[in-house]
2 protein chains.
Amino acid sequence: MSQPSSIFDVFKQLKLKTTPHRIEILKILRTASQPIPADDIYAELRKINHNISLSTVYRTLETLSENSLVNKIGIENDNRTLYEPVADSHHHFLICLGCGKIIKIDECPLPENLEKSLEDQNNFKIVSHKLEHYGYCAKCQKLTNDDLKNKLHN
Amino acid sequence: MSQPSSIFDVFKQLKLKTTPHRIEILKILRTASQPIPADDIYAELRKINHNISLSTVYRTLETLSENSLVNKIGIENDNRTLYEPVADSHHHFLICLGCGKIIKIDECPLPENLEKSLEDQNNFKIVSHKLEHYGYCAKCQKLTNDDLKNKLHN
DNA sequence: GTGTAAATGCAAATGATTCCCATTTGCAGA
DNA sequence: TCTGCAAATGGGAATCATTTGCATTTACAC
């Protein structure tokens, strides 16, 4: 059994310098209840008086992403890139069109043999896939159309 | 049996004015072999000496999208919105990470009961979903890593 | 401790898309 | 066929997310 590695060790292994920015950004991502945009991370850091520049946030996220410590996620209805810490398991999302809430789904419902058959039929080598369901969360189902319109304008 | 409607009739029914721009843009989309960005449509129109402004291309696509004549598609690895004519059938895509080629898959491999069970388990009302497989097309599988790197830099 | 490559800050650049407003055009009704 | 007006358009400025250039600072190997 391998010991759980500290963030410091992880960085060392990846030949990345261990900087306060990187530690804080990873912490924020791991604490977040769902994938968040660079901007939110920036705001979060400012809130705790951690001074940082927005470009550093982007650069850090890019570096973490290249090193498989975070995933980039692009969803419909939000043109920003969202970030989540890399999880141990493959998963998908339910995405609320009303409030943007993102619910993680841990099982992958795709049939076992699907990738193989897609590959064979299309002479294509699959390396990943993305599945998202869009709709309305419990709260937003209760809102009227007018409520929703207002929400989208914020 | 209903007659196949002309584009003119379709526009009339939707209370949209029939303009040369709209006709041409729809034609380009229907002729395209895969979803394309606004910019390509703009370039295509210029090529055939059809003068138009880029903002009109965007506005037209937005209008057509609101009226369910075209679909907007957001894929990973391309921050632009792509557009395709609305097809009669639900479908998904294989997307090549090497050259951006998009292959349409006509069947939907999701289990019949999936949406219902996701809805019940998460108190969520699903209205649509999106499934994409990323990988390498026949051509790009043959390229070396260096070739691919070059490609990505174009 | 020191040198150096990596990381950062800040401002300017970029790329996609939207918005503003003056002008033009499709088309419903006279 | 003519006319009026709402809808559509052109063109440029504005916006929003993200990237880049460059001078300065910092982590860490030695």
Side-chain angles (χ1 to χ4, degrees), chain A residues 6-26 35-46 49-67 69-70 72-83 100 152-154, chain B residues 6-26 35-46 49-67 69-70 72-83 100 152-154:
Chain A
S6 71
I7 294 187
F8 187 92
D9 292 338
V10 172
F11 283 144
K12 194 166 204 173
Q13 217 154 22
L14 294 168
K15 292 181 185 166
L16 295 177
K17 289 187 181 171
T18 304
T19 71
H21 290 340
R22 288 174 174 170
I23 291 172
E24 284 304 317
I25 288 177
L26 259 188
I36 52 177
D39 215 47
D40 282 12
I41 294 171
Y42 180 66
E44 196 67 31
L45 287 170
R46 297 245 139 184
N49 288 314
H50 183 108
N51 245 14
I52 191 173
S53 112
L54 183 55
S55 42
T56 301
V57 174
Y58 276 107
R59 265 184 300 227
T60 302
L61 289 169
E62 191 57 35
T63 303
L64 296 178
S65 162
E66 282 165 1
N67 287 281
L69 294 175
V70 317
K72 290 180 173 187
I73 300 169
I75 63 172
E76 313 272 324
N77 308 294
D78 190 340
N79 59 329
R80 299 170 302 178
T81 301
L82 305 185
Y83 300 85
L152 292 175
H153 290 167
N154 291 343
Chain B
S6 71
I7 294 187
F8 187 92
D9 291 338
V10 172
F11 282 145
K12 194 167 206 173
Q13 216 154 25
L14 294 168
K15 292 181 185 165
L16 294 178
K17 290 185 180 172
T18 305
T19 72
H21 289 341
R22 288 175 175 169
I23 291 173
E24 285 302 318
I25 288 178
L26 259 188
I36 52 177
D39 215 48
D40 282 13
I41 294 172
Y42 179 67
E44 197 68 31
L45 287 169
R46 297 245 139 185
N49 289 312
H50 184 108
N51 244 17
I52 191 172
S53 114
L54 184 55
S55 38
T56 301
V57 173
Y58 276 106
R59 263 185 305 226
T60 301
L61 290 168
E62 191 57 35
T63 304
L64 296 177
S65 163
E66 282 165 2
N67 287 281
L69 294 175
V70 317
K72 289 180 173 189
I73 299 168
I75 63 172
E76 313 271 323
N77 307 294
D78 190 339
N79 59 331
R80 299 170 303 178
T81 301
L82 306 185
Y83 300 85
L152 292 174
H153 288 166
N154 289 341

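Naming: A, B, ... by sequence-line order, numbering from 1 per chain.
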message: Taking salt bridge (Lys or Arg N to Asp or Glu O under 4.0 Å) as the definition, give me every residue that meets it alongside B/Asp78, ordered by chain and number, with sequence neighbours left out.
response: B/Arg80

statement: All heavy atoms of B/Leu69 vs all of B/Leu14, minimum pair found to be CD1-CD1, 3.8 Å

query: Atom CG of A/Leu45 and atom C1' of C/dG9: how far apart are they, to the nearest Å?
result: 14 Å

message: In whole Å, I'd like the distance from the CG atom of B/Leu54 to the C1' atom of C/dT14.
response: 15 Å

task: Rounded to the nearest 0.5 Å, what's the gap from CD on A/Glu62 to CG on A/Asn67? Could you check?
output: 10.0 Å

message: Is any side-chain heavy atom of A/Ile7 closer than 4.5 Å to one of A/Arg22?
response: no

query: Closer than 4.0 Å, any side-chain N/O of A/His21 to the OP1 or OP2 of D/dT26?
result: no

- prompt: Which pair of non-hydrogen atoms, one from A/Ile52 and one from A/Arg46, has the smallest distance, and what is that distance?
  reply: O-NH2, 3.0 Å

- request: Before giving the answer on side-chain contact (heavy atoms from CB on, under 4.5 Å), spell out for A/Asn77 and A/Ile75 the whole-Å C-alpha distance, their side-chain angles and the decisive distance to 0.1 Å.
  value: CA-CA 6 Å; A/Asn77 308 294; A/Ile75 63 172; over 6 Å; no

Terminal axis angle for the helix from C/dG1-D/dC30 to C/dA30-D/dT1, five pairs an end, nearest 10 degrees: 30°

field: For atom CZ of A/Phe11 and atom C1' of C/dA6, their distance in whole Å
entry: 14 Å

field: d(CG, B/Leu61; C1', D/dT9) in whole Å
entry: 14 Å

Length of the line joining B/Tyr42:OH and D/dT9:P, which is rounded to integer Å: 15 Å

- line: Scoring nucleotides 19-30 of chain C by protein non-hydrogen atoms under 4.0 Å (B base, S sugar-phosphate only, - none) yields BB-----BS---

- prompt: Does C/dA7 have OP1 or OP2 sitting under 4.0 Å from an N or O in the side chain of A/Thr56?
  reply: no

statement: When rounded to whole Å, the CG to C1' distance for the pair B/Asp40 and C/dG15 reads 14 Å

task: May I ask you to evaluate whether A/Arg80 reaches the phosphate of D/dT18, defined as a side-chain N or O under 4.0 Å from OP1 or OP2?
output: no

query: B/Asn79 CG to D/dC16 P: how many Å, rounded?
result: 17 Å

task: Please confirm whether the backbone N or O of A/Thr56 pairs with a side-chain atom of A/Thr60, one donor and one acceptor, at under 3.5 Å?
output: yes

statement: Closest non-hydrogen contact found for A/Lys72 with A/Thr81 is CB-CG2, 3.9 Å

Atom-to-atom span, CD1 of A/Ile52 to P of C/dA7 - whole angstrom: 13 Å

- line: Separation between CZ (A/Phe8) and OG1 (A/Thr18), nearest 0.5 Å, reads 4.5 Å

task: Check whether any side-chain nitrogen or oxygen of B/Tyr58 sits under 4.0 Å from OP1 or OP2 of C/dT17, and answer yes or no.
output: yes

query: Between B/Asp39 and A/Thr60, which has a closest nucleotide on DNA chain C that is more 5'?
result: A/Thr60

